[in-house]
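Just below is one structure, and these are the notes that go with it.
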There are 4 protein chains.
Amino acid sequence: MINFLDKRKEKKQRIIDAAASVFAEKGYSGTVMADIAKQAGIGKGTIYEYFPGKEELFFSVFEWMNTKMKQTARVSIAALGETAAGRLRVFSRVVVDAYNELQDMYTLTLEFWSAAAASPMRDRFQKALRQMYADYREMAASIIEDGIKSGEFRYDVDSRAMAAALVGGFDALGIQAWLEARFDMNGVSREFLETVIRGMKK
Amino acid sequence: MINFLDKRKEKKQRIIDAAASVFAEKGYSGTVMADIAKQAGIGKGTIYEYFPGKEELFFSVFEWMNTKMKQTARVSIAALGETAAGRLRVFSRVVVDAYNELQDMYTLTLEFWSAAAASPMRDRFQKALRQMYADYREMAASIIEDGIKSGEFRYDVDSRAMAAALVGGFDALGIQAWLEARFDMNGVSREFLETVIRGMKK
Amino acid sequence: MINFLDKRKEKKQRIIDAAASVFAEKGYSGTVMADIAKQAGIGKGTIYEYFPGKEELFFSVFEWMNTKMKQTARVSIAALGETAAGRLRVFSRVVVDAYNELQDMYTLTLEFWSAAAASPMRDRFQKALRQMYADYREMAASIIEDGIKSGEFRYDVDSRAMAAALVGGFDALGIQAWLEARFDMNGVSREFLETVIRGMKK
Amino acid sequence: MINFLDKRKEKKQRIIDAAASVFAEKGYSGTVMADIAKQAGIGKGTIYEYFPGKEELFFSVFEWMNTKMKQTARVSIAALGETAAGRLRVFSRVVVDAYNELQDMYTLTLEFWSAAAASPMRDRFQKALRQMYADYREMAASIIEDGIKSGEFRYDVDSRAMAAALVGGFDALGIQAWLEARFDMNGVSREFLETVIRGMKK
DNA sequence: TATGAATGAGAATTCATTCAT
DNA sequence: GATGAATGAATTCTCATTCAT
């Protein structure tokens, strides 16, 4: 029984993997179910044994990617015993590493945004992305707040605003890195972060 | 003759306007040529007298939007005689104003990114977006460099990196503002910019 | 303008004709839209310019056949100045003639019944068939009632019951005639009617 | 061995029962093999151990229903020692009772007709229905003939024609009863039969 | 023997584009 | 020039049937 469920989950994941790579390459609309099936090495009809349709599958891909990134982020950020600045540096490194790792899946992210912008799935995606952004901001904000409390950062720093800017900033650097092969994401993000930290320090 | 060309240009623009609003609402794939025609108050076939097809029309919408934003930006940023920090503040305000103004067209931007990510038009869009980002970065970088030269900013500030971060940051705040109605873009962007400026100052 | 509407109506009818013959031959489910298009000598997509889908088209075929039969019936039955028995004979002849004429379309009728029995269109068809039967019964009942009033038929004849039996009877003879080539519908229906008339006469 | 065959027959019947109820509700095309399996409480594949496919199963349902009705009819009609009119009344009651009993299966009958009208199974169904109708007509005809011979009915009554009309008539009343909940089948069929008997009597 | 996961043929429908008017 | 009727390629999804377990 457990074995059965495992098998099913495994196959579901195989389809998600295949779908992710095809969606990443051709975009949501450009992707044809048959391509996903071929990529997964299964029959066209089989996908529908695991997912109700294209939209659901796409959303599942989103959820999988989302979960994956959040796990990475949360684990790494827990790093305690550091200064707030130090933890922000860890946060930065984690995000940058994640981008580097998923670089060729980055187009997927853009597809998700597009789905949130205008599509029958708009609402689900907006909600999910809103939550995702909120989570990341929350992580950053709590670090900054710790910094303020400990006296490391100026008392008048707006932690929520800066968290939004930091999270957004890293995201935007990711986009530029994806767009330009020679964009030095590591360097730029470090420089950016240090400047912001300097601006927040007493 | 000139009159004739004007008429044609005018009609072309009308189609672009109509296309922009429909693309913004339904996304590229969700948009049907007939809807654009109806919105423009013309016949379906007429669009093809002015544009070779859907893709070209979409790209024309992109170019039109791009041009429009760049003009606004360039004009406003020319503001001389200010300190570098002051000019960055103007830059910021311009960008924020542009977002506020175009808010309901913001989905279009996401569609452009999606087109750059994966679509038959991928290359054109990537190139254009690359250029666009480069232009904005260049604007910001030149202001920062002026600040360094004038001694207003630290000599070790990496102007290109900070330009990328600033431009990207504003972009990312725009996305968050679009996603969450109550996101205080004005406040956050001011807070963000001031912190960065502080971090760059001597 | 009128010309335009005429053209459209004409083409719509051409599609209905084509559909009727294909539905009659292959049944609703066995019919493929492409076959109808081919039969009508048009492109597959063109059907959808005139009908929203297969179901609607099928229902339109039903309505067309229904209208056609009812017109024939009503016109002929108006024959006044006859005895009730005479008018029932006219009624009978009209119905029998109609069956003979539409013999190769008879399968369509069975498809309509099947659609009423179990299909997503069930309700519409049930309603329409109910109305159709009610109309025919009404015609027959009014003749019988006239016969009762005029003293031609027994005062205790239940006109509504006999109308139902007569209409149903003819219908059922039609089915048997369709099923067996050598079924003598003319003879049987005459015999049937005369017996019933005899039974109703004083 | 006999036990084994019994078990098999029993299960086959269970499948037929399940199939009958699903076909009745959703029609032939609307019925999905999986639904039948679920209704029968067995696995999808198991059906194919007992029937070669959907068509065969459907035909088996038809045969089962056919047999069932014919048995009822034959048994009841054998009632001897009565007048011809009396036996016709029994015949009528039996048919009417059967309709009342199978009311919610009536849609099945319409599906059978539709299958006979146009489907790959057309020939089989036509043949079987032809036989079925012939049998019922034969039953009625023999009663009428007895009535003629015994001098109860007019010598010029066409027994075959009247048998066709009677059998068809009851069928058609069944359809109307199915279509309209408040159709008084009992009353109408009695009225109908009495009038016909009166018309046949000397 | 029983099962249900896997399959792919097949069908309805959509829509960018063409072209006769 | 402007139009919109006509088209058919392309796509999603369904489901009878098979077959390995």
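All values derive from a computational prediction rather than experimental measurement. Labels below follow one simple rule: chain letters A, B, ... track the order of the sequence lines, proteins then strands, and each chain is numbered from 1.
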Checklist entry - Per the atom types in the model, does the base of E:dT13 pair as donor or acceptor with the side chain of C:K44 at under 3.5 Å? => result yes

Checklist entry - Contact class for D:F51 vs. all strands (heavy atom < 4.0 Å): base, sugar-phosphate, or nothing? => result nothing

Item to check | Residue of the set C:V61, C:I16, C:V22 for which side-chain contact (heavy atoms from CB on, under 4.5 Å) holds with C:I36 | outcome: C:V22

Checklist entry - Which of residues 25-42 of chain D sit near DNA chain F, with a heavy atom under 4.0 Å from it? => result D:T31, D:V32, D:M33

Checklist entry - Whole-Å distance between F:dA2 C1' and B:I15 CD1? => result 11 Å

Checklist entry - Is any side-chain nitrogen or oxygen of B:R8 closer than 4.0 Å to OP1 or OP2 of F:dG1? => result yes

Next on the checklist: Is the shortest side-chain heavy-atom distance between C:W113 and D:S114 below 4.5 Å?
Outcome noted: no

Item to check | Lys/Arg cation over aromatic B:Y28: B:K54, 6.0 Å, 45° cone | outcome: yes

Item to check | Given DNA chain F, 5'-ward residue of the pair B:T46 and D:G45, judged by closest heavy atom | outcome: B:T46

Next on the checklist: Please convert DNA chain E into dot-bracket. A pair counts if it is Watson-Crick or G-U wobble with both distances under 3.5 Å; crossing pairs go in [ ] and bases paired with another strand get |.
Outcome noted: .||||||||||||||||||||

Checklist entry - Do C:F112 and C:F59 have their ring centres less than 6.0 Å from each other? => result no

Checklist entry - Going through the checks in order, is the ring pair (Phe, Tyr, Trp, His ring centres under 6.0 Å) test met by B:F125 and B:F58? => result CA-CA 10 Å; B:F125 271 96; B:F58 187 57; 5.5 Å; yes

Next on the checklist: Quick check on DNA chain E: between B:E55 and C:E55, whose nearest nucleotide comes earlier from the 5' end?
Outcome noted: C:E55

Checklist entry - Has C:Y48 got a side-chain N or O lying under 4.0 Å from the OP1 or OP2 atom of E:dC15? => result no

Checklist entry - Can you list the steps and then say if A:Q13 with A:D17 is a side chain to side chain donor-acceptor pair (under 3.5 Å)? => result CA-CA 6 Å; A:Q13 188 53 48; A:D17 290 346; 2.8 Å; yes

Checklist entry - Quick one: which of F:dC13, E:dT3, F:dA6 gets closest to the side chain of C:E49? => result F:dA6

Checklist entry - Could you give the CD1-to-C1' distance, from C:I47 to E:dT13, as a whole number of Å? => result 11 Å

Item to check | Spacing between C:E10 atom CD and F:dA5 atom C1', to the nearest angstrom | outcome: 15 Å

Next on the checklist: Any salt bridge linking C:E56 with C:R124? Criterion: basic side-chain nitrogen under 4.0 Å from a carboxylate oxygen.
Outcome noted: yes

Checklist entry - Would you say a side-chain N or O of B:K11 is under 4.0 Å from OP1 or OP2 of F:dA2? => result yes

Item to check | Within 45° cone of B:Y50 ring axis and under 6.0 Å: B:K11 NZ or CZ | outcome: no

Checklist entry - Side-chain contact, heavy-atom cut-off 4.5 Å: B:E10 with B:R14? => result no

